[in-house]
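Written out below as structure tokens is the structure these notes cover.
In what follows, chains are A, B, ... by sequence order, proteins preceding strands, each numbered from 1. Only a predicted model underlies this, so the values are computations on that prediction, with no experimental measurement involved.
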2 protein chains.
Amino acid sequence: MTAAAPRPRLEFWYEFASTYSYLSVMRIEDMARAAGVEVTWRPFLLGPVFLALGWNDSPFNIYPPKGRYMWRDLARLADKYDLPFRLPSQFPRNGLLAARVALVGVAEGWVAPFSRAVMRANFAEDRDIGDAVVIGELLAALGLPADAVLERAQTPENKLALRAQTELAVERGLFGAPNFRTGEELFWGNDRLEDALAWAATHAGESVRKLGAA
Amino acid sequence: MTAAAPRPRLEFWYEFASTYSYLSVMRIEDMARAAGVEVTWRPFLLGPVFLALGWNDSPFNIYPPKGRYMWRDLARLADKYDLPFRLPSQFPRNGLLAARVALVGVAEGWVAPFSRAVMRANFAEDRDIGDAVVIGELLAALGLPADAVLERAQTPENKLALRAQTELAVERGLFGAPNFRTGEELFWGNDRLEDALAWAATHAGESVRKLGAA
């Protein structure tokens, strides 16, 4: 008896404060559907990851030439992908609450549209995504019960879940965002999304076969 | 009277010790020809650029997760582009002599094949490109008078020319390699080569027009 080939899967690790994560959050769902790849959304926090590397701020702020380049690059890429973009008046914004809410969205099935709404608010509408009022409005606009969701997001269990996810990110060798992971392969950066999807589609089931052979 | 449209041009800033520069050095000539873009080869040294950012080594060595990722990414990309790759036993290698020789090659018209030979030696053959004997062999294999070229590379004028080129790199906001520059637009990273060529081809003559209108 031959087992059916497992469905190609891609883990998508992103942070709401991250500029290049914005591009991938907006692009990934349509592209993954076209490639026949299932996406696991993995919101996490870059702050602890950067601290582990010795940075107490975004490297785009610590290294001004990198930052100047990034903003121009981002504007060009938003143009190329036909995405709205407005230079945020604050960078990086605090993505903690949005990430906690996104974890609730993973459990309840609305993480993708919620993540796009948060990213649009941060990078196209210059709104403060660290503010619970803003997040509440975004939830309500999606037809979700904002108060109840915000309460679920702030339970000790959910706070611990985000902390565990971020610790897993460090363990898996992540050092920025966005990232795409399939099998044991890590792809870093919005510009690797196409390669990551192609890899997932081509190599689906390899690690399973390896396990079976061991 | 209408002036003829100027030929699209792209400055290519690269460093012989840089892993992602390897990929671009091998790819750029064919791709630029296909896009109708003329390439100005700009070898420079990353060491002084990194020092200006506070790094006394490659960031791939300073930040181990970044380094581990880069080597795997490089192997995957070499595979994708059908380029040979062997993990070098030393990284980064000293690209000073190769860069000085490359400047002579810019003046004499053989910079492209020489640069490819150096990159192959470093990243596919694990040879020490900091060694004058190795560089001499690469020059001879290209049918060039190795001793005479090495002598020209080490004149005070040529040493100063490389220093000036590296200072210009810092002034222009470069913080890594490879880079592609057209008009006032900077593109950083091998993964931006396609975008940079498209930009050069589409926007050729814009800065000239701007100057004319001023």
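Residues R192(B) and L77(A) are in side-chain contact: their nearest non-hydrogen atoms beyond the backbone lie under 4.5 Å apart. For the pair L174(B) and P65(A), the minimum side-chain heavy-atom distance is 4.5 Å or more.
With F187(B) as the aromatic partner, R76(A) meets the cation-pi criteria of under 6.0 angstrom to the ring centre and within 45 degrees of the ring axis.
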Check against salt bridge (charged side-chain N to carboxylate O under 4.0 Å, His left out), K80(B) and D195(A): CA-CA 9 Å; K80(B) 173 178 161 178; D195(A) 284 1; 2.8 Å; yes
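Distance check, rounded to the nearest 0.5 Å: CZ of F50(A) to OH of Y63(B) gives 11.0 Å.
The closest donor-acceptor contact from the side chain of Y69(A) to the backbone of W188(B) lies under 3.5 Å.
Proximity to chain A (any heavy atom under 4.5 Å) is restricted, for R72(B), to the side chain, taken from C-beta onward.
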